[in-house]
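Provided herewith is a single structure, encoded as structure tokens, for subsequent inquiry.
The figures here come from the full heavy-atom set of this structure, side chains too, leaving out hydrogens, waters and symmetry mates.
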Amino acid sequence: MKFQSRPAALFLGLATAAVMLTGCSETSTAGGGGSSAEAGACDPADVTLVGQVRNESNPYEASWLDGGDAFAESVGLTQQRLTYDGESTKQQEQIRQVLAGDTDCLVLNVLPNGDADTQPIVMGADEAGAYLVTQWNKPAELDPADYDRWIAHITYNGEESGKQIGDALAEAIGGEGGIIALQGVLDTAAAKDRFAGLEASLAENTGVTLLDEQTANFSRQEALTVTKTLLAKHGDDIKGIWTANDDMALGALEALEQAGRTDVAVVGIDAVPDALTAIDDGRMTATVSSDGPWQGGIGLAMGYCVATGELSMDDVADENRAFFAEQFLITDDNVGDFLTPSTDPADFECGNVFDRVAGPLS
């Protein structure tokens with residue numbers, strides 16, 4: 001298997017790569033909104049790149065912005081880094097302010113706070129003529145193909161990853177015993193799908209019992225607090241902790257350390273560096289790579305390619321407008337491949353930006 005996770009520190013090597021967006025398709029004929037420039041008419045130097053996530057205290061989201069910085073520098077530009085602290089109102093206001101400026105050659109790579117936040121972002125960007133890529137969260141009925149400048153929506157098969165770590169947790173505790181689950185932000189497809197994956201795992205691993213589940217909103221600090229409460233409530237009955245992301249897994253590990261518990265298996269999702277180290281050290285059981293640095297770079301690369309005419313929307317397959325990207329289960333068996341991975345700047349060449357499509361989002 002070719003592992004493609006890209007820790008942020010190594011990913012910054014892209015910044016020294018030569019300008020690589022060459023050899024792509026002819027000028028786009030996709031339409032634009034308002035008085036904005038036609039798609040494909042932008043001089044590369046005129047492109048504005050904006051990446052927006054919840055916060056940089058989450059190492060996965062910080063790595064996303066780092067990946068965006070690396071891509072921007074590789075094409076001689078600078079990414080504007082925006083964070084909205086998990087507040088939908090703040091996110092929408094930031095987007096409105098960005099769209100109130102010059103949008104002719106504006107590229108947005110956005111993590112909507114929740115499914116309900118995606119539509120106003122899409123409609124605002126489309127009306128302003130800005131190029132947009134969204135990731136993770138959108139309502140099922142909202143389709144990029146219905147909009148001129150919404151290039152793509154990228155997500156990951158949350159049910160698959162939730163089940164993968166659920167199965168790994170079941171194996172780690174010998175197929176029987178009690179576990180607790182820490183859910184993410186409940187109004188997100190990622191949280192819903194990952195928990196559905198856990199439920200599928202529990203249906204197959206019938207010796208494993210879900211003792212309790214609470215949301216910790218993808219937050220390490222909240223996970224620390226919630227885990228302390230659940231450890232006090234369920235005590236030694238807890239043999240494993242399933243978490244919907246690595247930041248919560250790391251909070252759970254901290255709570256276990258404070259309680260002197262070394263007998264509890266912990267799993268998460270995102271493959272952040274601290275989680276990979278914990279797996280390598282034997283303190284954590286498994287995670288799933290969704291490659292934050294690649295996400296931070298790829299959304300900007302797609303927009304840049306369309307804006308400059310190096311990628312035509314006419315050549316983008318319908319199934320690539322909303323898709324699942326590749327992801328990988330990481331355990332102690334293969335964590336070494338992710339601790340020191342190689343990076344490939346070719347991922348961001350215009351002809352390759354859809355190479356990690358694992359299947360259409362249905």
Go through the steps to decide whether V264 and I241 satisfy the test side-chain contact (heavy atoms from CB on, under 4.5 Å), and finish with yes or no.
CA-CA 7 Å; V264 179; I241 302 177; 3.7 Å; yes
Indicate whether any N or O donor in one side chain lies under 3.5 Å from an N or O acceptor in the other, for T118 and N137.
no
Count the heavy atoms of every other residue, nucleotide or ligand shown that sit under 6.0 Å from CD of E56, and state whether that count exceeds 12.
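Enclosed: over 12 neighbouring heavy atoms sit under 6.0 Å from CD of E56.
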Are V208 and E176 side-chain neighbours, meaning at least one heavy-atom pair lies under 4.5 Å?
no
Please check: side-chain N/O of S201 versus main-chain N/O of G197, any donor-acceptor pairing under 3.5 Å?
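No; zero donor-acceptor contacts below 3.5 Å.
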Quick one: does N352's side chain have a donor or acceptor within less than 3.5 Å of a partner on A346's backbone?
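Side chain of N352 to backbone of A346, a donor-acceptor pair under 3.5 Å: yes, one is there.
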So, D66 and R81, do they make that salt bridge, N to O below 4.0 Å?
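Result for this pair is yes, salt bridge flagged.
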Can you label the angle between the F338 ring and the F328 ring as parallel, tilted or perpendicular, going by 30° and 60°?
tilted
Side-chain donor/acceptor of R220 to backbone N/O of L250, under 3.5 Å
no
Do any N or O atoms from the side chain of T103 and from the backbone of G129 form a donor-acceptor pair under 3.5 angstrom?
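No; zero donor-acceptor contacts below 3.5 Å.
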Under 4.0 Å between a side-chain nitrogen and a carboxylate oxygen: does that hold for K138 and D143?
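No, no charged N to carboxylate O under 4.0 Å.
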Indicate, with yes or no, if W136 and I121 share a hydrophobic cluster defined by side-chain heavy-atom contacts under 4.5 Å among Ile, Leu, Val, Met, Phe, Trp and Tyr.
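Looking at the clustering, W136 is in a separate group from I121.
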When you check the side-chain N and O atoms of N205 and D167, is any donor under 3.5 Å from an acceptor?
yes
Please test L361 against T155 for side-chain contact (heavy atoms from CB on, under 4.5 Å), starting from the C-alpha separation and ending with a verdict.
CA-CA 8 Å; L361 179 62; T155 190; 3.9 Å; yes
Pair N55, T83: side-chain N/O donor-acceptor within cut-off below 3.5 Å
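No pair is found: no donor N or O on one side chain lies under 3.5 Å from an acceptor on the other.
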Could you tell me which non-hydrogen atom of A325 sits nearest to which non-hydrogen atom of I154, and how far apart they are?
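Answer, listing the atom of A325 first, then I154: CB-CG2, 4.0 Å.
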ILVMFWY network linking L142 to M123, side-chain heavy atoms under 4.5 angstrom:
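Yes, same cluster.
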Between F348 and V75, is there a shared hydrophobic cluster once you connect ILVMFWY residues whose side-chain heavy atoms come closer than 4.5 Å?
yes
Counting N and O atoms only, with roles assigned by atom type, does the side chain of D246 sit under 3.5 Å from a partner on the main chain of A275, one being a donor and the other an acceptor?
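It does not hold such a pair.
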Could you walk me through whether D237 and T209 pass side-chain contact (heavy atoms from CB on, under 4.5 Å), step by step?
CA-CA 10 Å; D237 289 340; T209 302; over 6 Å; no
If every non-hydrogen atom of L99 is compared with every non-hydrogen atom of A130, which pair is closest and at what distance?
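Where L99 meets A130 most closely, the heavy atoms are CD2-CB, 3.9 Å.
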Pairwise distance CG(L300) to CG(N109) - rounded to 0.5 angstrom
5.0 Å
Is the gap between the ring centers of Y131 and W150 under 6.0 Å?
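That pair fails the under 6.0 Å test.
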Exam field: side chain R261 to backbone I238, donor-acceptor pair closer than 3.5 Å:
yes
Check whether more than 12 heavy atoms from other residues, nucleotides or ligands sit under 6.0 Å from atom CD of E257, and answer yes or no.
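For E257, atom CD is not crowded (no more than 12 foreign heavy atoms under 6.0 Å).
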Starting at OH of Y60, measure out to OG of S289 and round the result to the nearest 0.5 Å.
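Nearest 0.5 Å value for the OH-OG distance: 9.5 Å.
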Measuring from I298:CD1 to F71:CZ, what's the distance to the nearest 0.5 Å?
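With rounding to 0.5 Å, CD1 (I298) is 8.5 Å from CZ (F71).
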With the 4.5 Å side-chain cut-off for hydrophobic clustering, are M302 and Y147 part of the same group?
no
Looking only at heavy atoms, which two atoms of A223 and L182 are closest? And how far apart?
CB-CD1, 3.8 Å
Worked check of side-chain contact (heavy atoms from CB on, under 4.5 Å) between V110 and Q135
CA-CA 6 Å; V110 174; Q135 303 199 40; over 6 Å; no
Between Q183 and Q214, do the side chains contain an N or O donor and an N or O acceptor separated by less than 3.5 Å?
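Result is no, nothing qualifies.
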Can you get from I95 to L111 by hopping between Ile, Leu, Val, Met, Phe, Trp and Tyr side chains that sit under 4.5 Å apart?
no
Examine the side chains of Q91 and E87 and answer whether a donor and an acceptor come within less than 3.5 Å of each other.
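No pair is found: no donor N or O on one side chain lies under 3.5 Å from an acceptor on the other.
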Mark yes or no for whether N245, through its side chain, and G184, through its backbone, hold a donor-acceptor pair below 3.5 Å.
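Pair absent, no side-chain N/O of N245 close to backbone of G184.
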Could you measure the distance from the CG atom of L276 to the CD1 atom of I330? Nearest 0.5 Å is fine.
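Taking CG in L276 and CD1 in I330, the distance rounds to 5.0 Å.
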CD/E222: more than 12 non-hydrogen atoms of other groups inside 6.0 Å
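Yes - once you tally the heavy atoms of other residues, nucleotides and ligands closer than 6.0 Å, there are more than 12.
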Would you give the length of the straight line joining atom CD of E349 to atom CG of D355, rounded to the nearest 0.5 angstrom?
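Rounded to the nearest 0.5 Å, the CD-CG separation comes out at 9.5 Å.
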Point-to-point distance, once rounded to the nearest 0.5 Å, from CG of L65 to CD of Q295:
11.5 Å
Identify the heavy atoms of Y304 and L77 that sit nearest to each other, and give their distance.
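Residues Y304 and L77, closest heavy atoms: CE1-CD1, 3.9 Å.
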Check: Q79 side chain, A72 main-chain N or O, donor-acceptor pair, under 3.5 Å:
no
Side-chain donor or acceptor of N157 paired with backbone N/O of E160 under 3.5 Å:
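Judged by distance alone, yes, a pair lies under 3.5 Å.
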